[in-house]
Q: 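Dropping the structure in here first, questions after.
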Amino acid sequence: MQKADPVAIVGAGIAGMTAALCLARQGFRTDIFEQADALEEAGAGLQLSPNASRILIELGLLPALERVWNEPEAISLADGRSLRPLANVPAGARARERWGAPYGVLHRASLQTILLDAVRSEPLCRLHLGTRIADDPRAVITEANKRSPAVIIGADGIWSRIRSSVPGAGPVRFSGNVAWRFTLSRTRAPACLSPDRVTAFLAPKAHLVAYPLRKIDGFNLVAIVAGKASGETWTGHESGDRRREFEAAFRDWHTDLRALLGHAGSPTYWPLCTVEDGAWHNGRDTILIGDSAHAMTPFAAQGAAMAIEDARELARCMADTPDLPSVFARYEDARRTRIGRVRKRAAFNSFAYHAAGPVRIARDFVLSFRKPEALAADFDWLYGYGA
């Protein structure tokens, strides 16, 4: 593909802006189209494992990230009923040593701001806000940009409009789980929430992830339980029935954690949907990346990381391959196996985190014999990717 060919990216989220920056480093000029009139905060906390932070460092963003994130000393598992520690994976300085890049946690809005500033400072990137993509994406983009794009990159999330331009693209499915998302100030946090680690509290049919957020001087918390779908939305409004379902899932948990959940006020619920396996491109001029192509459940905390990896790999393929069909084929060869393996890890974590009865007992028994360094080695294939 020629560097002068016009490239259109639909969606100014993490996937879209990272793709624009990666393509700019390869000499491509991109136009990013976003339907929102302004880029506002979406979500709360975000984990950036080394496989993702490595790419952002390559883009020159480490100083900005270090001003807004925390680098937890460990990723820990604990029993949600007793608070008994189950396992620890070393992070902090050990992450930089082992995987060659940091493990950071930060507010999603902080990363969005960093990417937006970088895009606006990059002469090869142009951002178009308030551009709604209708049934004919190419026509809308051509009208807005006064020229037809050589390639359209769909980075517009799980409810992608670009996906309809890709025959055989995977359908959206509700996973059967809902994530309740909220934050808590540091002054109201119980002692079981550590400011120097990511902690996942586990119990049958539910788990709670907590980690510090510098932006709010507090903690991000995500509680994942069985729930009901709520249509095409990432977030839903709390109702009495949903709140009762939420409280019932944690009825047998430790009193400190139940009290913490009681301070949640009015959390938002997030139906956990996936995009099932299917086509990622139309073979000619349109390709999907990130959640548009392969949204997965957050049980491996890799949704944003996979979008960031996608962005870098696609930019490399576009720079090194002469024609788009070959670009798409090479990209798919590079990403299919990786995405499949991460999906399997998320499915395994879902099973292990919510285990009950003998399976839970066996899980805890196995973890009791695993040393932190051995557990870290289990993540070499994931966090060491691209090192």
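Being a predicted model, the structure only gives us computed values, none of them experimental.
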Q: Any side-chain heavy atom of Val327 sitting closer than 4.5 Å to one from Leu314?
A: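 With C-beta onward as the side chain, the pair touches.
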
Q: In terms of ring plane angle, is the pair Phe33 and His128 parallel, tilted or perpendicular, where the classes change at 30° and 60°?
A: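 Rings of Phe33 and His128: parallel, as their planes differ by under 30°.
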
Q: Check the side chains of Arg138 and Ser148 for a donor-acceptor pair under 3.5 angstrom, ignoring hydrogens and angles.
A: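 Their side chains do contain a donor-acceptor pair, which is all the 3.5 Å distance test asks for.
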
Q: Side chains of Asn220 and Thr183: is there a donor and an acceptor less than 3.5 Å apart?
A: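 The answer is no; no qualifying pair exists.
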
Q: Please list all pairs meeting ring pair (Phe, Tyr, Trp, His ring centres under 6.0 Å) that have one or both residues in residues 8-30, counting only residues at least two apart or in different chains.
A: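 Pairs touching residues 8-30 that pass the test: none.
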
Q: Table please: side-chain donor-acceptor pairs of residues 20-27 below 3.5 Å, with sequence neighbours left out.
A:
unit_1: Arg25; atom_1: NH1; unit_2: Glu122; atom_2: OE1; d: 3.4
unit_1: Arg25; atom_1: NH2; unit_2: Leu59; atom_2: O; d: 2.8

Q: Is Thr18 reaching over with its side chain to a backbone N or O of Ile14, donor-acceptor style, under 3.5 angstrom?
A: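 Such a contact is found between Thr18 side chain and Ile14 backbone.
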
Q: Test the Arg336-Trp280 pair against the cation-pi criterion, namely NZ or CZ under 6.0 angstrom from the six-membered ring centroid and within 45° of the ring axis.
A: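 Yes, a cation-pi geometry.
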
Q: With the side chain counted from C-beta on, respond yes when Val178 and Ile224 share a heavy-atom pair under 4.5 Å apart, and no when they do not.
A: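 Of all side-chain heavy-atom pairs linking Ile224 with Val178, none is under 4.5 Å.
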
Q: Rounded to the nearest 0.5 Å, what separates atom CG in Leu288 from atom OG in Ser165?
A: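 Separation between the atoms: 8.5 Å.
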
Q: Is it the case that the side chain of Arg98 and the backbone of Ala91 share a donor-acceptor pair, with hydrogens and angles ignored and the cut-off at 3.5 Å?
A: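 No, Arg98 side chain to Ala91 backbone: no donor-acceptor pair under 3.5 Å.
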
Q: Check Arg335 with Glu309, please: is the shortest side-chain N to carboxylate O separation under 4.0 Å?
A: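 Looking at Glu309 and Arg335, the cut-off is met.
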
Q: Test side chain to side chain donor-acceptor pair (under 3.5 Å) on Asn51 and Gln302 and set out the steps.
A: CA-CA 9 Å; Asn51 49 308; Gln302 286 296 302; 2.9 Å; yes

Q: Does Arg197 form a side chain to side chain donor-acceptor pair (under 3.5 Å) with Ser76? I'd like the steps, not just the answer.
A: CA-CA 7 Å; Arg197 65 189 55 226; Ser76 301; 2.7 Å; yes

Q: So, the side chain of Ser175 versus the backbone of Asn177: is there a donor-acceptor pair under 3.5 Å, distance only?
A: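 Judged by distance alone, yes, a pair lies under 3.5 Å.
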
Q: Please determine if Asp320 and Arg330 form a salt bridge, counting it only when a charged side-chain N lies under 4.0 Å from a carboxylate O.
A: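 Between Arg330 and Asp320 there is a salt bridge, with a charged N closer than 4.0 Å to a carboxylate O.
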
Q: How would you list, by chain and number, every residue that makes a side chain to side chain donor-acceptor pair (under 3.5 Å) with Asp5, sequence neighbours excluded?
A: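 So Asp5 forms no side chain to side chain donor-acceptor pair (under 3.5 Å) with any residue.
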
Q: What distance separates Glu332 CD from Ile339 CD1, expressed to the nearest 0.5 Å?
A: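 Rounded to the nearest 0.5 Å, the CD-CD1 separation comes to 11.0 Å.
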
Q: Can a donor-acceptor pair be found, under 3.5 Å and without considering hydrogens, that links the side chain of Ser368 to the backbone of Phe365?
A: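 A pair under 3.5 Å: yes.
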
Q: How close do Leu56 and Leu115 get, heavy atom to heavy atom, and via which atoms?
A: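 In terms of heavy atoms, the two residues are closest at CD2-CD2, 4.3 Å.
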
Q: So, does Gln35 use its side chain to make a donor-acceptor pair with the main chain of Gly130 at under 3.5 Å?
A: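 Between the backbone of Gly130 and the side chain of Gln35 there is no qualifying donor-acceptor contact (under 3.5 Å).
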
Q: With Leu116, which residues qualify under side-chain contact (heavy atoms from CB on, under 4.5 Å), at least two apart?
A: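 side-chain contact (heavy atoms from CB on, under 4.5 Å) check on Leu116 returns Met17, Leu39, Arg120, Leu127.
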
Q: Can you check whether Ile162's main-chain N or O pairs, donor with acceptor, with Asp156's side chain at less than 3.5 Å?
A: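 Between the backbone of Ile162 and the side chain of Asp156 there is a qualifying donor-acceptor contact (under 3.5 Å).
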
Q: Sort out for me which residue in Tyr383, Tyr211, Trp69 forms a ring-ring contact (aromatic ring centres under 6.0 Å, His included) with Tyr103.
A: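 Only one of Tyr383, Tyr211, Trp69 forms a ring-ring contact (aromatic ring centres under 6.0 Å, His included) with Tyr103, namely Tyr383.
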
Q: Is the closest side-chain heavy-atom distance between Leu257 and Leu83 below 4.5 Å?
A: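 Sidechains of Leu83 and Leu257: in contact.
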
Q: Just by distance, no angles: are the side chains of Thr274 and Glu276 close enough, under 3.5 Å, to form a donor-acceptor pair?
A: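 Judged by distance alone, the side chains do pair up.
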
Q: Pair Arg163, Ser292 - check side chain to side chain donor-acceptor pair (under 3.5 Å), show working.
A: CA-CA 7 Å; Arg163 194 184 300 116; Ser292 302; 5.2 Å; no

Q: Roughly how far, to the nearest 0.5 Å, is CZ of Arg54 from CD1 of Ile57?
A: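 That separation rounds to 8.0 Å.
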
Q: Within the side chain of Asp79, is there an N or O that forms a donor-acceptor pair under 3.5 Å with the backbone of Arg81?
A: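 Looks like yes, one N/O pair under 3.5 Å.
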
Q: Out of curiosity, Leu193 CG to Leu184 CG, how far, rounded to the nearest 0.5 Å?
A: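 One finds 7.0 Å between CG of Leu193 and CG of Leu184.
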
Q: Give every residue pair that meets the side-chain hydrogen bond (donor to acceptor under 3.5 Å, both in side chains) criterion with at least one member in residues 248-262, sequence neighbours excluded.
A: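 Checked against side-chain hydrogen bond (donor to acceptor under 3.5 Å, both in side chains) - neighbours excluded - no pair reaches residues 248-262.
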
Q: What I want to find out is whether Arg96 reaches Glu66 closely enough, with some N-O distance under 4.0 Å, to be called a salt bridge.
A: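 Result for this pair is yes, salt bridge flagged.
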
Q: Looking at Phe351, Phe201, Phe250, Phe299, which one forms a ring-ring contact (aromatic ring centres under 6.0 Å, His included) with His207?
A: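 That would be Phe299.
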
Q: Rounded to the nearest 0.5 Å, how far apart are CD of Glu373 and CG of Asn88?
A: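 One finds 11.5 Å between CD of Glu373 and CG of Asn88.
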
Q: Under a 3.5 Å distance rule, please check whether Ser53 uses its side chain to pair with a backbone N or O of Pro102 as donor and acceptor.
A: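 Yes; judged by distance alone, with no hydrogens or angles, the pair exists.
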
Q: Would you confirm whether Asn282, through its side chain, and Asp285, through its main-chain N or O, come within 3.5 Å as a donor-acceptor pair?
A: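 Yes, because the side chain of Asn282 sits within donor-acceptor range (under 3.5 Å) of the backbone of Asp285.
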
Q: Nearest 0.5 Å please: distance from the CZ atom of Arg186 over to the CG atom of Leu213.
A: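 Here the rounded value is 13.0 Å.
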
Q: Answer yes or no: is there a donor N or O on one side and an acceptor on the other, between the side chain of Ser164 and the main chain of Arg161, under 3.5 Å?
A: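 Between the backbone of Arg161 and the side chain of Ser164 there is a qualifying donor-acceptor contact (under 3.5 Å).
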
Q: Return the set of residues passing side chain to side chain donor-acceptor pair (under 3.5 Å) with Thr113 (not counting sequence neighbours), or none when no residue passes.
A: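 Side chain to side chain donor-acceptor pair (under 3.5 Å) list for Thr113, sorted by chain: empty.
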
Q: Can you confirm whether Lys344 is buried at NZ, in the sense that more than 12 heavy atoms of other residues, nucleotides or ligands lie under 6.0 Å from that atom?
A: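 Not buried by this count: 12 neighbours or fewer within 6.0 Å.
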
